[in-house]
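Lettering follows sequence order; numbering is per chain, from 1.
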Amino acid sequence: MVSAWIDAARRPLPRLIGTRLALSLLMLLVVSMLIFAGIQLLPGDAASAILGQSATPAARQQLELRLGLDQPALSRYLSWLGGMLRGDFGVSFSSGQPIAAALAYRLNNTLFLAGCTALIAVPLALLIGLWSALHRGSVLDRGLNALTRAAVSLPEFFSGYLLILVFAIWLGWLPSSAAVFGEMPLSTRLYFIALPCFTLILAVLGHMANMTRAALLAIQQESYVETARLKGLSPWCVLRCHVLPNAWPPIINVIMLNLAYLIVGVVIVENVFVYPGLGQYMIDGISKRDIPVIQACGLVLAAVYIALNLLADLLSILANPRLRHVD
Amino acid sequence: MISRRRFIEGVSAMGIGAALGTSLPFSSAQASQGEGEPKKGGHLIVGIDNASSSDRLDPAFWFETYMYFVGSQLFNNLLEIDENGALVPSLARAWESPDRGRSWVIDLREDVLFHDGRKLTASDVVYSLNYHRTPDSSSPVKVYLDPVTAIEATGSHQVTISLATPDVDFISLLASVHFVVTAENEDFAKGIGTGAFILENFQPGVRTLVRRNPDHWNPARGHVDSVETLAMNDATARVAALVSGSVQLINRVEKRVVGRLESMPNIRLLRTRDSQIFTLPGLSNQAPFDNLDARLALKYAIDRQQIIDNVLGGYASLGNDNPVFPSNAYFAADLPQRPYDPDRARFHWQKAGFSGPLRLSAADAGFPGSIDAAQLYQQSARRAGIELQVERVPDDGYWENVWRKHVFVTSNWSNRPSADGLLSMVFTSGAAWNESFWQVPSFDALVSAARGEADEQRRRQLYHDIQEVLVNQSSTIIPLYADSLDASSARVKGITATPGFPLSGNRAAEKAWLEA
């Protein structure tokens, strides 16, 4: 990240974005090769994974033929890549359905859950961090600190089941399963995802709040902040004009890391709450060695990761005037 | 409702009527008694496991519970298995074999409509059955139809199936969940069946929504207005959803939480006995399994009851290395149960003279709890001086790389509607799934003789001999018959246990009704 800021200080913004995008495409290509190679290394192929115990040699051969698995690996990869370049995600081995539609539905669900979580968790984490930094050492600061750390250290499958026990079984306020579908009205949808959303908030809140607090505290130790304070500026003004602009880059980075996590790393929460997200789709694909599905999911997730990192860099530059100046 | 008389007609036509009078090991019919008249209406929500985003409505691709259950809401079979384990009519009105099992003549109901209004005729059935027989089919039930030489319409509502070799039990195979009927030349994926429910929405790996078929031919089925089957692969999530009231019926309750569910007044457990056998096949063409004494030693060295108690929480019945289920009419109950006997095991093992440890490859893919069971077996065998080496192998690729490749593994088989089912699929020389390479010509002859024997007395004797051979000689240890446990809210009525087949023979949705 530091190198990115230095780069940014030297180069004009559009050029920076251009290079990053080009690099991203290269990275996606490498990711797709790694996924493909990884699946080849796994024991079992698609035909036997689909047929399981009921596989007879004849049935397996029929299925392999139908799936094109009789072709060498390299030519299968190239034909997949060719389809991808034309914007064709291909057809799932195991379901025979086009991948694009299923992927869009799952991605939409994942983004919805991540978005709702972020809308609550990010402002809340910033407020907690800010408040703790301003009232360092107070009872509430210590209390919040202990709570957020405790929440981070609980694994999600545990906190998820705990929330189900309290809110779904004891109190009966919220549904334990979050199976959402297309035609559901927004209010019902929000009601159904309340518990997974809450679980994810617990998982990401502590990290973001603690990093915000630490970043603010570190900068408050700086001599220029002391100077500003001695100059007689109000605490709010010191914070707004001198502390925050320098604290934003690390905070933004932490937020982006957590957002990326909310999109790519929530398969456990999806499983506990029966949420039809992208993670579950990818796991299904892996268990059936459904290479086109795994590739599509892997690429989408990698793209999300890359895009969020790029966004983090850009926002850091915009937030900090020092990084904006280019010659 | 189908009349009792017609049912008996159907059964005696098969020539096994006499066998059905035997006492049943348990009575599941009680569950439905005292529940009153079924009420119409309501929305049933079900949580089922083994769902995947790769699921299809096409029965040639049904591999797991979720699709069995959803498919059975939309489609009908020719016949079904009732709560006493007997074959009863469904789309078939009656059936008989005029030539002792060489051909089968099936008469269809004439009042059946498909969901799109078409009338069911013989050609629809011919198409639907032949669908699994095409050369390029990868259907899991293709092997069932291998002996079939022709399936023809011999009347507008009559189908005749000809077999290469006589099989007096053949008709019962058609009760297998995959042999459902769609309209002629129709794509199964459209879900156009004759079932009690019509497809509204199918989202693989997420949920399936169906609504009641107002023109369903069977007034005794299809009570709720709509059924929503949710994909719930996580066992804890299913129980949580049931307890919190999000769903009203779930399958596969984990044995470790059963005790807690039993004590809840608003939850009802549905126990299906004889659902599966868990097997430990040893390759009989390799040492030490090529030696009868070694096989006997390994049979004596396993503490079956301990595995039932510790791995399955008691929800299983003792197995005697016999693949015929106790609820089957031909089960040989007089064969003595082999005990855990370290001394005799030691005697046979020393006589076999096998040196070195025996590797037992276990993965939970083989059967749930395989690794725990293997470790218990290791301990009980050690007391007999038999050294088992438990090797944990990955679930991934298990059926391809370990099963039928490693010398001693774990596996499982679901119940089949006939005694012949598992015998000829798993234990005869040419069987596609012969997991122990048990290749004994005289045994094959017994199995094929029993399949073609129309005389009930002789047939019973043949099946007895077959089981005796397996119990005393086979290379596959079958320690137990596992139960399957489903659970429902106490508000759900009408679901009866079908021995061997969980979720009321996959037809729980159309049998269920909701109490107000």
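Heavy atoms of B/Ser246 lying under 4.5 Å from chain A belong exclusively to its side chain. Of the atoms belonging to A/Tyr161, it is side-chain heavy atoms, and not backbone ones, that fall under 4.5 Å from chain B. Within the 4.5 angstrom heavy-atom criterion, no atom of A/Ala102 approaches chain B. Using a 4.5 Å cut-off between heavy atoms, B/Val143 touches chain A through its side chain atoms alone. B/Ser139 does not touch chain A: none of its heavy atoms, backbone or side chain, sits under 4.5 Å away.
Taking CG of B/Asn233 as the reference point, atom CD1 of A/Ile283 lies at 11.0 Å (rounded to 0.5 Å). Atom NZ of A/Lys288 sits about 8.0 Å away from atom OG of B/Ser53, to the nearest 0.5 Å. Within the model, atoms CG of B/Asp234 and CD of A/Glu270 stand 12.5 Å from one another, a figure rounded to the nearest 0.5 Å. Note that the CG atom of A/Leu165 and the OG atom of B/Ser244 stand 10.5 Å from one another [nearest 0.5 Å].
Between chain A and the residues B/Trp399, B/Trp433, B/Tyr398, the most heavy-atom pairs under 4.5 angstrom are made by B/Trp399. With chain A as the partner, the residue from B/Val141, B/Val247, B/Asp136, B/Leu209 showing the most heavy-atom pairs under 4.5 Å is B/Asp136. Considering only heavy-atom pairs separated by less than 4.5 Å from chain B, the leading option among A/Asn271, A/Asp284, A/Val293, A/Ile286 is A/Asp284. Taking B/Glu228, B/Met425, B/Met232 one by one and counting their heavy-atom pairs under 4.5 Å with chain A, the maximum is reached by B/Met232. For the set B/Leu230, B/Val243, B/Thr236, B/Asn201, the entry with the most heavy-atom pairs within less than 4.5 Å of chain A is B/Thr236. Chain A forms more heavy-atom pairs under 4.5 Å with one residue of B/Ala189, B/Ser137, B/Ser52 than with any other, namely B/Ser52.
Take B/Lys405 and apply the salt bridge (charged side-chain N to carboxylate O under 4.0 Å, His left out) test, not counting sequence neighbours, and it matches no residue.
The side-chain heavy atoms of B/Pro204 and A/Ser95, taken from C-beta on, include no pair separated by under 4.5 Å. A heavy-atom distance below 4.5 Å is found between the side chains of A/Tyr105 and B/Val206.
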Name the atoms and distances for all side-chain donor-acceptor pairs under 3.5 Å in residues 108-119 of chain A, with sequence neighbours left out.
unit_1, atom_1, unit_2, atom_2, d
A/Asn109, OD1, A/Arg189, NH1, 3.4
A/Asn109, ND2, A/Pro276, O, 2.9
A/Thr110, OG1, A/Arg106, O, 3.2
A/Thr110, OG1, A/Leu278, N, 2.8
A/Thr117, OG1, A/Leu113, O, 2.7

